[in-house]
Amino acid sequence: MNYPEYKQPLNYGQVGTDILAWWKQNGIFEKSVSTREGQPTFVFYEGPPSANGAPGIHHVMARTVKDIFCRYQTLLGKQVNRKGGWDTHGLPIELQVEKELGITKEDIGKKISIEDYNQRCRETVMRFKAQWDDLTEKMGYWVDLDDPYITFEPEYIESCWALLKKLYDKGLLYKGYTIQPYSPAAGTGLSSHELNQPGTYRDVKDTTIVAQFKVKRDEKSEKLFAAVKNSLPQKWHRLDGDGPIPANFSEDIVSELDESTEVFILAWTTTPWTLPANTGLAVGKNIPYVLISTFNPYTGKPIHVVLAEALVDKYFAKKNEVTSWKGYAFSTGKEQPWYIQSHFTGADLVGIRYERLFGQDKGFPAFEGEERAFRVIPGDFVTTEDGTGIVHISPTFGADDFRAAQQADIPALIVMDAEGKPTPIVDRTGRYVPQMGEFGGRWVKNYDGHDQSGADYKTLDESIAIRMKGDGTAFKVEKYEHTYPHCWRTDKPVLYYPLDSWFIKTTAVKDRLIELNKTINWQPASTGTGRFGNWLENLVDWNLSRSRYWGTPLPIWRTQDGSEEICIGSIEQLVAEIDKAVAAEVMTYNPYQKVDGAWVMADNSSEQPTAKIDLHRPYVDDIFLVSPSGQPMYRETDLIDVWFDSGAMPYAQWHYPLENGTQFQKNFPADFIAEGVDQTRGWFFTLHALAVMLEDSVAYKNVMANGLVLDKNGNKMSKRLGNAIDPFQTITQFGPDATRWYMIANAQPWDNLKFDLNGITEVQRRFFGTLFNTYSFYALYANLDGFQAREFDRVPHAELTELDRWILSKLQSLILEVRGHYDAYDPTKAARAIQDFVTDQLSNWHVRLSRRRFWKGELTQDKKAAYETLQECLVVVAQLMAPIAPFFAEWLYQNMTDGMRAEAIERNTPLAPESIHLTLLVEAETNRIDKALEERMELAQRISSLTHSLRKKSVLKVRQPLQRILVPVLNDTTREQVGKVEDLICAEVNVKHVEFLDDTSGVLVKSVKPNFKRLGQQYGPKLKAVGARIQQMTAEEISTLEKTGQLAVEVEGQPITLAPDDVEIRTDDLPGWLVATDGPLTVALDVTLTDELRQEGVARELVNRLQNLRKDSGLEVQDKIRVTLGQQPELEAAVQSFGDYIRTEVQALALNFAPEISGGSVLEFDDYNVPVQLEVANS
RNA sequence: GGGCUUGUAGCUCAGGUGGUUAGAGCGCUACACUGAUAAUGUAGAGGUCCCUGGUUCGAGUCCAGGCAGGCCCA
């Protein structure tokens, strides 16, 4: 037996297991790399997963995508190294450890030492590695698990240090500050995780102020002033006439309005204590604003204020709106008349300058940045939900504020403390600095627990409000209840406060980042231009600092005053610096030593140290260095962002730049990476940023950002909801191939996938089932014939039948198409194309129509050609599908080609490799593509389909032969095309002839359909009338148009001339015939039955029933039989005429009638009940 | 709140540059076909192409504004 045969159904899970074992045993993955030695490389980077949790089904998705393109490139002959990796640092691991130990960050250093804590993290982080490795293998993801990079290893950390030093030397690493949640009472920053603890957000009642910022009159702001001034004559002068003159409304006011108009911008804050730190105002560029004239409620002074139009109602009662001031008395108070002067958008306001609210003149500190500050800037966070639609910006006390200010080059209000160091106006304990004039030294909030019960007690916010009312800079002061975060430890309100951080100055290379990003092929493209591109456009410096324990330490040591510092770039350098420190007696001994060429941990004893060097905390914290001036230097206690770890993998995975320079050069940049779209601002960014800064290059040329895997209802999968899919169980049950195929074929990888196990079942049945059946069919008959395909003994292409040349033409087209899709990183379209080919073209047309060729007789050239054609299709399909379904493709390849291997190896042909994954992907032979042939086969398919439809209408079973079908043809080409596939059509629909009807027959009824596309361009608005006219065309008119090539008609009184292209002419009726149409194609069926046709029908029924009987009796395909039938005249007549046919079909040596049949079955069909006896007649 | 993305049959998805009657598979119903077939064929039922407005002779498609889901960031 040349080709293995299988019981059905095939166990796909077992195929996966078997092939996996075979791969391992024969080192196929290693060979897929080593046999490509010296070939061009395809560089792939593995985005390191974290093994502190069990892998989920979405990991199968992401890794399938990665695997597909690596395997594909291998098939193209490239060498694809895939070094695995593990991401091991970071907050999730710390949190998990804390949860398990039942401790909080507070307890670190108290209940547990940093050393023990980090040891625990180290153990935890790889806890699920075995499960990950298992899944990796079982799903068929080929990646090198034996030599992965691990981010906590000292070599890896050392590489990160070396890179940081490079950035430091380029001046791209600096210490600055960022606004973070801060608890003054606890004296510590809070992580977003701590802020998300339940109970931190509480309702509090605060004093809020709508402040007035006085606009400076200059070119920018002139439009505001102009708006006031221009309207004066109409609106603001006193109207003569009736009524007494209001007491406050005097000529003075008119003149004041005219001469010294004051325009204010209104901004609301719930934290009045930040107002003295205000340096900017933010507006929404597209938000509409208005300028309103009114009076200050506390001073009664006439003012003009700017606020968002949508919020006017909030501050100005409709009943107080006026069109003139006649009859009003003006005084202080809430009910002030008002009037809208004019309208602006935020964009009009940007750039306007205003006066500092608490200036030096009022006893507040001088401010150097005055020139650049106090401007209106755009802010994307501005809304008209509350406040005034204008946001007060204090860059030292708000994250949005800080960011917007930085982008608009607005400085923060900074003063100098007692030591001459810059500080915000609030110190770290939560009090105003002494320089703050009358408020100096006051608590921003009650952080020290002082007594607030006195009747005269005023909070700082209240004091500020009082001062502003007096200054005429408060527009509205009120208590307001809102939610505000509190420190979970001290219960005191959190401050958003500038805290020291180390930054990488990514903004310095922003343009280059953007420029190089444009050279990256993003899949989907929108992620690159949109999500990633916009992120780059709004780039801020990369905050590297993390106040944590388990991570890569920042390798910077500083003197106490920060005047001297050093950035360490290697262990070697660190050890040398420690030696200096020991010499200077800053340290007592050097804890890092080199023994036998390896770095180890040493203590101060005489014992030989053995433990591998550890660069984590707490060890590095205990290292003190000495500055050139002899001062001790202390390590900056921060760790670095874990995203730096993963972004550094192109370098650190090789321990570059400390060694392996050529290795690195060979593998940089990556040709391809893929991760979930959630990595856009994570790994995708850090890779890109580091590559641009360090190498002035992209880090990857092609990148796919895949979407999420949701449950079948579109909900996120989670263990808590119980809707998570177990990847192991899925793979065991359905096999890795169907799982992978489903994920790729069902939706584009970058769309979210609604994961439904029923979908895998369908893929299994429809695609793998059909492919398996096609193989089984081939194996069954090839084995019966003892046929073994050979590479050098094939029926020449020119001698193949239409059907064979057709499927081979389709196959070449498929190769082109699938390669194109893989090349374009579009695996979904590749999978769908393969699937359509296998089910629709190969199985359901070529094999179905070819079956008779396999059944009959000897191994003729036609039969051989049939085998060879099918064999070629199956092998090529196996190759094309191999990247997506690697196990099944291997199975199919080996079954199809193992018998050819010896000769292939001997002659070194493409089939020589033992595994499909070591082969080279076939190139399409375009000279075998015959488009005309593909077209006429489609005609055959459509005509057959129409004929089936007609049979159905006439209730004529396919087994009943019919004389002919008629096909009207309007041109010679169609006639010729259909003529060539006539035999196929006849066989498929069981008719004797296809006859053509041409125009001259005169029986065709034609109809005409307007070609709207063409007519629309030509006639535009008149199209409807023209279309209607065309649909009314008579047979004569159609004929005229066809014969003369034009037709003059009249539409709405206008003469127009129609050309043949303006319409689509087709035949859709044949009077007296049963017809069916499909677009321009029409088929008529001759339903006349002759005696002979009837007899043949009976004969075919008989064959069918006998075949069924054979099958039911469990006979093998090759068994011969003897048949005896009960006597019936009509049957005998049929057997008389078609005896040979019947005998051949059912492989009967004898077919006789007998009056009495005993012990047999009864064949039932049509009106017959035929007793039958069937015996095996084997020798 | 911002950026990106998705919305077409019960379900999963196709529908270059606008063209009038919107498709496929699955599922459902009926009938057929079958010595490879958990396959296949034919027919039927099933649609507010998320909504509103606009551009146009004509919009699932283009524009604007919404709604809903998702991701990331605040």
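All values reported here derive from a predicted model rather than from experimental measurement. We name chains A, B, ... by the order of the sequence lines, and we start the count at 1 in each one.
Here the nucleotide nearest the side chain of Ser843(A), chosen from A36(B), G2(B), C13(B), is A36(B). Checked against A36(B), G27(B), G41(B), the side chain of Arg765(A) finds its nearest nucleotide in G27(B). Residue Arg851(A) has its side chain nearest to U37(B) when only U40(B), U37(B), C71(B) are considered. In the set A36(B), C26(B), U34(B), A36(B) carries the atom at the smallest distance from any side-chain atom of Thr774(A). Side chain of Arg531(A), nearest nucleotide from U34(B), U12(B), C4(B): C4(B). In this structure, of C26(B), A74(B), A43(B), it is A43(B) that holds the atom nearest to the side chain of Ser949(A). The nucleotide whose nearest atom lies closest to any side-chain atom of Gln748(A) is, among G25(B), A14(B), A39(B), A14(B). Distance from the side chain of Arg832(A) is smallest to A14(B) among A14(B), A36(B), A74(B).
Listed for the Asn895(A) side chain is no donor-acceptor partner under 3.5 Å among the backbone atoms of Pro4(A). In this structure, His58(A) contributes its side chain and Leu708(A) its backbone to no donor-acceptor pair below 3.5 Å.
For the P atoms, the distance linking A39(B) with G1(B) amounts to 50 Å, nearest Å. A distance of about 25 Å separates the P atoms of G16(B) and G53(B), rounded to the whole Å. One C1' atom belongs to A14(B), the other to U8(B), and the distance between them is 10 Å to the nearest Å. Comparing the P positions of C72(B) and G10(B) gives an interatomic distance of 31 Å, to the nearest angstrom. The gap from the P atom of G2(B) to that of G18(B) amounts to 31 Å, rounded to the nearest Å. Comparing the same atom, C1', in U17(B) and in U12(B) gives a spacing of 28 Å after rounding to whole Å. Across the C1' atoms, G70(B) and A36(B) are found 44 Å apart, a figure rounded to whole Å. Here, C62(B) and U6(B) have their P atoms 11 Å apart, quoted to the whole Å.
Note: CG (Leu874(A)) to C1' (A36(B)) measures 12 Å, nearest angstrom. Nucleotide C4(B) holds its P atom 15 Å from the CH2 atom of Trp535(A), rounded to whole Å. Counting to the nearest Å, the C1' atom of A74(B) and the CZ atom of Arg681(A) are 9 Å from each other. Here C13(B) presents its P atom at 5 Å from CG of Asn746(A), a figure rounded to the nearest Å. Atom CD1 in Ile179(A) sits roughly 18 Å away from atom C1' in C73(B) (whole-Å rounding). Computed from coordinates, the Leu539(A) CG to G3(B) P distance equals 18 Å when rounded to whole Å. Counting to the nearest Å, the P atom of G27(B) and the CZ atom of Arg766(A) are 10 Å from each other. Remark: C1' of G25(B) and CH2 of Trp741(A) are 15 Å apart, rounded to the nearest angstrom.
Residue whose closest nucleotide on RNA chain B sits further toward the 5' end, between Leu946(A) and Asp678(A): Leu946(A). Remark on RNA chain B: of its neighbouring residues Gln679(A) and Ser526(A), the 5'-side contact belongs to Ser526(A), judged by nearest-heavy-atom nucleotide.
Residue Asp400(A) is classed as a sugar-phosphate contact, given heavy-atom separations below 4.0 Å to backbone atoms only. Within the 4.0 angstrom heavy-atom criterion, no nucleotide atom of any strand lies near Arg403(A). Counting any heavy atom pair closer than 4.0 Å across all strands shown, Asn1104(A) reaches sugar-phosphate atoms only and no base atom. Across all strands, Ala779(A) comes closer than 4.0 Å to no nucleic acid atom at all (heavy-atom distances). Among the heavy atoms of the strands lying under 4.0 Å from Leu708(A) are primed sugar atoms or P, OP1, OP2 only; no base atom is included.
Between Ser944(A) and the phosphate of G41(B), there is no side-chain N or O to OP1/OP2 separation shorter than 4.0 Å. Distances shown here put a side-chain N or O of Tyr781(A) below 4.0 Å from the OP1 or OP2 atom of A36(B). For the pair Asn752(A) and G69(B), the criterion of a side-chain N or O lying under 4.0 Å from OP1 or OP2 is not met. In terms of phosphate contacts, Arg959(A) brings a side-chain nitrogen or oxygen within less than 4.0 Å of OP1 or OP2 of C33(B).
The CD atom of Gln523(A) sits 13.5 Å away from atom CD1 of Ile520(A), with the distance rounded to the nearest 0.5 Å. Separation of atoms CD1 (Ile57(A)) and CD1 (Ile725(A)) is listed at 6.5 Å; rounding is to 0.5 Å. Taking CD of Glu988(A) as the start and CD of Gln941(A) as the end, the distance is 9.0 Å to the nearest 0.5 Å.
Under the Watson-Crick or G-U wobble criterion, with both distances below 3.5 Å, U56(B) has no partner in any strand shown. The partner of G47(B), taking Watson-Crick or G-U wobble pairs whose two distances both stay under 3.5 Å, does not exist in any strand shown. Across all strands shown, G41(B) is found opposite C31(B) as a Watson-Crick or G-U wobble partner, with both distances under 3.5 Å. With a cut-off of 3.5 Å on both Watson-Crick or G-U wobble distances, the partner of G25(B) is given as C11(B). Across all strands shown, U17(B) forms no Watson-Crick or G-U wobble pair with both distances under 3.5 Å. When both pairing distances are held under 3.5 Å, C71(B) makes a Watson-Crick or G-U pair with G3(B).
Under the 3.5 Å distance criterion, with hydrogens and angles disregarded, a donor-acceptor pair is assigned to the side chains of Trp522(A) and Asn517(A).
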Go through the steps for Phe734(A) and Tyr12(A) under the test ring-ring contact (aromatic ring centres under 6.0 Å, His included), then give the verdict. CA-CA 6 Å; Phe734(A) 299 96; Tyr12(A) 297 99; 9.8 Å; no
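With a 6.0 Å radius and a threshold of 12 heavy atoms from other residues, nucleotides or ligands, Lys510(A) has its NZ atom above the threshold.
Proximity of Glu537(A) to Phe532(A): side-chain heavy atoms (C-beta onward) are nowhere separated by under 4.5 Å.
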